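In this text, all values refer to a predicted model and were calculated from it rather than measured experimentally. A note on names: the letters A, B, ... follow the listed sequences, proteins ahead of strands, and every chain is numbered from 1.
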Amino acid sequence: MSDLRVRFAPSPTGTLHIGGARTALFNYLLARKEKGTFVLRIEDTDVERSTQESVDAILQAMDWLGLSYDEGPFYQSQRYDLYKAKVNALLESGAAYRCFCTAEELDAKREAAMQAGGKPRYDGTCRDRIDQPDAPYVVRFRSPLEGTTTFVDRIKGPISFDNAELDDLIIQRTDGNPTYNFVVVVDDAEMGITLVIRGDDHVNNTPRQIPMYTALGYDAPEFAHVPMILGADKKRLSKRHGATSVMDYRAMGYLPEAMVNYLVRLGWSCGDEEIFSMADLIEKFSLDNVGRSAGVFNPEKLLWLNEHYIKNGDPGRLGGLVAEVLAQQGVETTKGPDLAAVVKTLQDRAKTLVEMADGARFYYQAPTVYEAVAAAKFLTAESRPVLELLIRHLAEATGFDLAAIEAVFKQVMEESGLKLGKIGPVVRVALAGGSVSPSIYEVVAVLGREEVLTRMKKALASIS
RNA sequence: GUCCCUAUCGUCUAGCCUGGCCCAGGACACCGGCCUUUCACGCCGGCGACGGGGGUUCGAAUCCCCCUGGGGACGCCA
């Protein structure tokens, strides 16, 4: 166990997105690699937008990806007493003060400042006021006016801000609830977080938070800001770029290991290596190799990785997953051929579990209608003799493994004088209902003698 | 607008810190070929980048400066 303590702190206002998942992954990986502690904290101080459904969705997504945490989930909504006490401490020490400006006044000032071409900042109206009217107020943190705040980002290197750029941010709302920039400081400190790994969009918050650690009597943690993930148009990744939720990909038939592999390589690299198992990553991951610039989310590469993991996956496990997809589509898989055997015939031709399910369906549901074009071309009077020949020999074959089946086809080819190119398509339509299927010998073997004969006879009967 | 970050093939990136091994390597995608009973897989090959301008140096993708591009932040959201 090392002293490293990291955390993932999502706000439950939606599902777990690609970007959040990567941040969580980086935290997880570093914690596991350094044998540190990974804390999960739910940032639900925005009562309006936080929902239990979102919490569940996030937890579920993390579980799917295999990102286990050591402590938590902690809910900020259950820690208000702590925040309240800290706000009061700041008020007493003078590090914070009450501000009686109304939201409307503030909006107007912000608008004006923006118009004037400046940075919209709080003008400090209540910073030094002595009277304390009996009116609604917010609490603001007294930020330093001069000097520079610098920190060394573990990914980006030294970053510094002029304190004059900062304004006094609100740490407690009119309704008494604390705000993000405050609770994040209190919690990261109270939970002993030593390294904050979070999105790039928080670099600007960092110089505002550092003085708060000091005012509260805490040591500031280290920071590592992970670059943003962009869409193909270089704009911040959002719904209009298509599926951005991790679970959307699960629904589309993606494997969690493909998602993890893709996510980690977006912004991190290890020489020329492309394929990483979670175990590899725990061994090899390092903040030193995380890039500093934003990256574009590339669904094609994710697809390729998924294809890779499907191709190399354990047939038994994949079979279970495909069965789930099929079940959702109302296809029963408990009766037909062995799922693992079915999967083996499809691993080289499916890029997703959904595609695999599409390819596997015919094994469990005999064709009720034949694909029109294929039937017109192959289920003709001309193919009757071939089907009859096949039915006879297949029924008589001593074994029914690949070798036996191949022998039967060889024999039929000889007797009919036809090449496999003529016979294969006929059998394919009869068994699978269309012109696309795995290798015909494999299909025959997996389907089994009884089912093959049934389907062939049915096809034969359809030719009239 | 102000501030912060950032910049190698269309995309993800290696190389940059510790200049020469780089007329820049890998992967995805794309294109062509081979294999082939369908669809795929696989294999082989190809296209394709150091944003621009100044420096420093015998020598720069690598170091420095400026410009430009891109992203982010500027909320009683997180």
Less than 6.0 angstrom from the centroid, inside 45 degrees of the normal: does Arg98(A) satisfy that with respect to the ring of Tyr137(A)? yes
Closest listed nucleotide, where the reference is the side chain of Glu43(A) and the choices are rC12(B), rG42(B), rA78(B): rA78(B)
5' priority, RNA chain B, between Arg292(A) and Lys235(A) [closest heavy atom]: Arg292(A)
In this structure, how many angstroms lie between the P atom of rA78(B) and the CG atom of Asp201(A), rounded? 14 Å
Does Arg236(A) make a side-chain N or O approach to OP1 or OP2 of rA73(B) shorter than 4.0 Å? yes
Given the structure, check if the side chain of Arg428(A) and the base of rU37(B) hold any donor-acceptor pair shorter than 3.5 Å. yes
Do the side chain of Glu274(A) and the base of rG26(B) come within less than 3.5 angstrom through a donor-acceptor pair of N or O atoms? yes
Report yes or no: is there a donor-acceptor pair, N or O only, under 3.5 Å between the side chain of Asp200(A) and the base of rG72(B)? no
Ignoring hydrogens and angles, answer whether the base of rC39(B) and the side-chain atoms of Ser437(A) contain a donor-acceptor pair closer than 3.5 Å. no
Whether Lys301(A) contacts rU13(B) is assessed here as follows: a side-chain N or O lying under 4.0 Å from the phosphate OP1 or OP2. Is that the case? no
For nucleotides rC21(B) and rA61(B), find the distance between their C1' atoms and express it as a whole number of Å. 15 Å
Does Arg349(A) make a side-chain donor-acceptor contact with the base of rC39(B), cut-off 3.5 Å? yes
